[in-house]
Amino acid sequence: MEISTNDYRVWTEGSTIHYEGTMRLSGTDAYAPILEIMNSILSSKPEIITLDLTGLEFLNSSGINLLAKFTIEIRKQPEVGVRVLGSKSIPWQSKSLRNLQRLHPALELTIS
C-alpha cells in the first residue's frame with residue numbers, strides 16, 4: 001500500500017509503515033487515507049508494528065494527533081507491539097515522539 005504526493009509519501013513494507021517528506025494536511029479527514037493504511041496493518045495483528053518516521057521532515061498537529069490516536073489503538077491490543085523510529089536531525093521528532101511513550105509505555109522508541 002502506498003500514498004504518494006508531491007509533498008509526502010507513506011508506504012508499507014510488511015508491518016513497517018514508512019513516512020517521508022512534509023505532511024501539512026488539513027485536519028482529520030485529510031489524514032483518513034493514511035489512517036486507513038495504518039489500521040489495515042493493525043487489523044492484521046502483527047507481532048510488532050514499526051512506524052519509520054526518519055524521513056518525515058515536518059508533521060503538523062493534525063498528523064501528530066493521528067500518531068497519538070493510533071498509538072492508543074495499538075495499546076488496546078496487547079498482543080501487538082509498536083516500535084517508532086525517529087531522527088535526531090529532525091527537531092520536531094525528539095520532542096513529539098517521546099509523548100507517544102506516555103500514551104503507550106511499552107512503545108519502543110529509537111531516535112538516532
Side-chain angles (χ1 to χ4, degrees):
M1 286 180 256
E2 178 174 332
I3 297 174
S4 182
T5 72
N6 288 337
D7 296 325
Y8 68 88
R9 180 175 170 224
V10 177
W11 75 101
T12 62
E13 292 177 355
S15 63
T16 299
I17 307 168
H18 300 271
Y19 306 80
E20 76 178 17
T22 299
M23 295 176 73
R24 300 176 198 267
L25 305 179
S26 59
T28 305
D29 290 344
Y31 278 99
I34 295 167
L35 181 59
E36 189 174 315
I37 287 176
M38 297 163 78
N39 282 334
S40 72
I41 297 296
L42 180 59
S43 68
S44 69
K45 298 192 183 298
E47 189 173 312
I48 190 161
I49 294 174
T50 301
L51 305 177
D52 182 356
L53 302 161
T54 56
L56 190 59
E57 297 289 331
F58 181 83
L59 183 65
N60 67 5
S61 60
S62 294
I64 291 170
N65 190 35
L66 171 82
L67 291 178
K69 287 182 177 178
F70 187 65
T71 299
I72 291 169
E73 286 303 312
I74 294 173
R75 186 181 67 195
K76 293 176 183 175
Q77 299 189 30
E79 70 277 10
V80 178
V82 61
R83 175 186 309 131
V84 177
L85 306 176
S87 172
K88 285 182 183 172
S89 66
I90 302 173
W92 72 269
Q93 293 189 2
S94 295
K95 180 179 177 186
S96 298
L97 296 181
R98 293 191 195 291
N99 290 330
L100 298 178
Q101 280 185 311
R102 293 186 182 117
L103 298 172
H104 189 341
L107 180 144
E108 179 185 322
L109 177 62
T110 303
I111 299 177
S112 54

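Worth saying up front: this structure is predicted, and the values here are computed from it rather than measured. Only heavy atoms go into these numbers, but all of them, side chains included; no hydrogens, no water, no symmetry mates. Along the sequence shown, residues carry numbers from 1.
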Applying salt bridge (charged side-chain N to carboxylate O under 4.0 Å, His left out) to Glu79 and not counting sequence neighbours gives Lys45

- [ ] May I ask whether Leu66 and Phe58 are part of the same hydrophobic cluster, defined by side-chain heavy atoms of I, L, V, M, F, W, Y residues being less than 4.5 angstrom apart, directly or through others?
- [x] no

Report the C-alpha distance between Thr54 and Asp52 in whole Å, list the side-chain angles of each, state the deciding distance to 0.1 Å, and finish with yes or no for side chain to side chain donor-acceptor pair (under 3.5 Å). CA-CA 6 Å; Thr54 56; Asp52 182 356; 2.6 Å; yes

The side chain to side chain contact (heavy atoms under 4.5 Å, CB included) partners of Lys76 (sequence neighbours excluded) come to Ile72, Glu73

Residue set satisfying salt bridge (charged side-chain N to carboxylate O under 4.0 Å, His left out) with Arg83, at least two apart, ordered chain then number -> Glu108

* Asked: Quick one: are Leu42 and Gln77 in side-chain contact, heavy atoms under 4.5 Å?
  -> yes

Distance col, row Leu56:CG vs Leu51:CG, nearest 0.5 angstrom, shows 11.0 Å

Taken in chain and number order and not counting sequence neighbours, the residues that satisfy side chain to side chain donor-acceptor pair (under 3.5 Å) with Glu47 are none

Residues at least two apart in sequence or cross-chain that pass side chain to side chain contact (heavy atoms under 4.5 Å, CB included) with Ser89, listed by chain then number, are Ser87

**Item:** Verdict with supporting geometry, Phe70 and Val82, side-chain contact (heavy atoms from CB on, under 4.5 Å)
**Value:** CA-CA 10 Å; Phe70 187 65; Val82 61; 5.8 Å; no

Quick note, ring pair (Phe, Tyr, Trp, His ring centres under 6.0 Å) partners involving residues 4-30, not counting sequence neighbours, are Trp11-His18

Separation between CD (Gln93) and CG (Leu53), nearest 0.5 Å, reads 5.5 Å

Can a donor-acceptor pair be found, under 3.5 Å and without considering hydrogens, that links the side chain of Glu2 to the backbone of Val10? no

> Any donor-acceptor pair under 3.5 Å linking the side chain of Thr71 with the backbone of His104?
Replying inline: no

(message) Would you say Leu67 ends up clustered with Ile48 if hydrophobic residues are merged whenever their side chains have heavy atoms under 4.5 Å apart, either directly or through other cluster members?
(response) no

Can you check whether Leu100 reaches Leu109 side chain to side chain, under 4.5 Å on heavy atoms?
no

query = So do the side chains of Val84 and Thr110 get within less than 4.5 Å of each other, counting heavy atoms only?
reply = no

For Ser94 and Lys88, the nearest pair of non-hydrogen atoms, with its separation, is OG-CA, 4.3 Å

Residue set satisfying salt bridge (charged side-chain N to carboxylate O under 4.0 Å, His left out) with Glu36, at least two apart, ordered chain then number -> none

In terms of heavy-atom contacts, Ile74 and Val80 come closest through CG2-O, 3.7 Å

Sequence neighbours excluded, the answer for salt bridge (charged side-chain N to carboxylate O under 4.0 Å, His left out) partners of Lys69 is none

Shortest non-hydrogen pair, Tyr31 vs Arg24, comes out as OH-N, 4.2 Å

What one should report as the nearest heavy-atom pair of Ile34 and Leu25 is CD1-CD1, 3.8 Å

Hits for side chain to side chain donor-acceptor pair (under 3.5 Å) against Asn65, two or more places apart or cross-chain, chain-then-number order -> none

The side chain to side chain contact (heavy atoms under 4.5 Å, CB included) partners of Thr12 (sequence neighbours excluded) come to Met1, Ile17, Ile37, Ile41

To the nearest 0.5 Å, atom OG1 of Thr22 lies from atom CG of Asn6 at 11.5 Å

Residue set satisfying side chain to side chain contact (heavy atoms under 4.5 Å, CB included) with Ile64, at least two apart, ordered chain then number -> Leu59, Trp92, Ser96

Here the gap from Ile111 atom CD1 to Leu85 atom CG, rounded to the nearest 0.5 Å, amounts to 10.0 Å

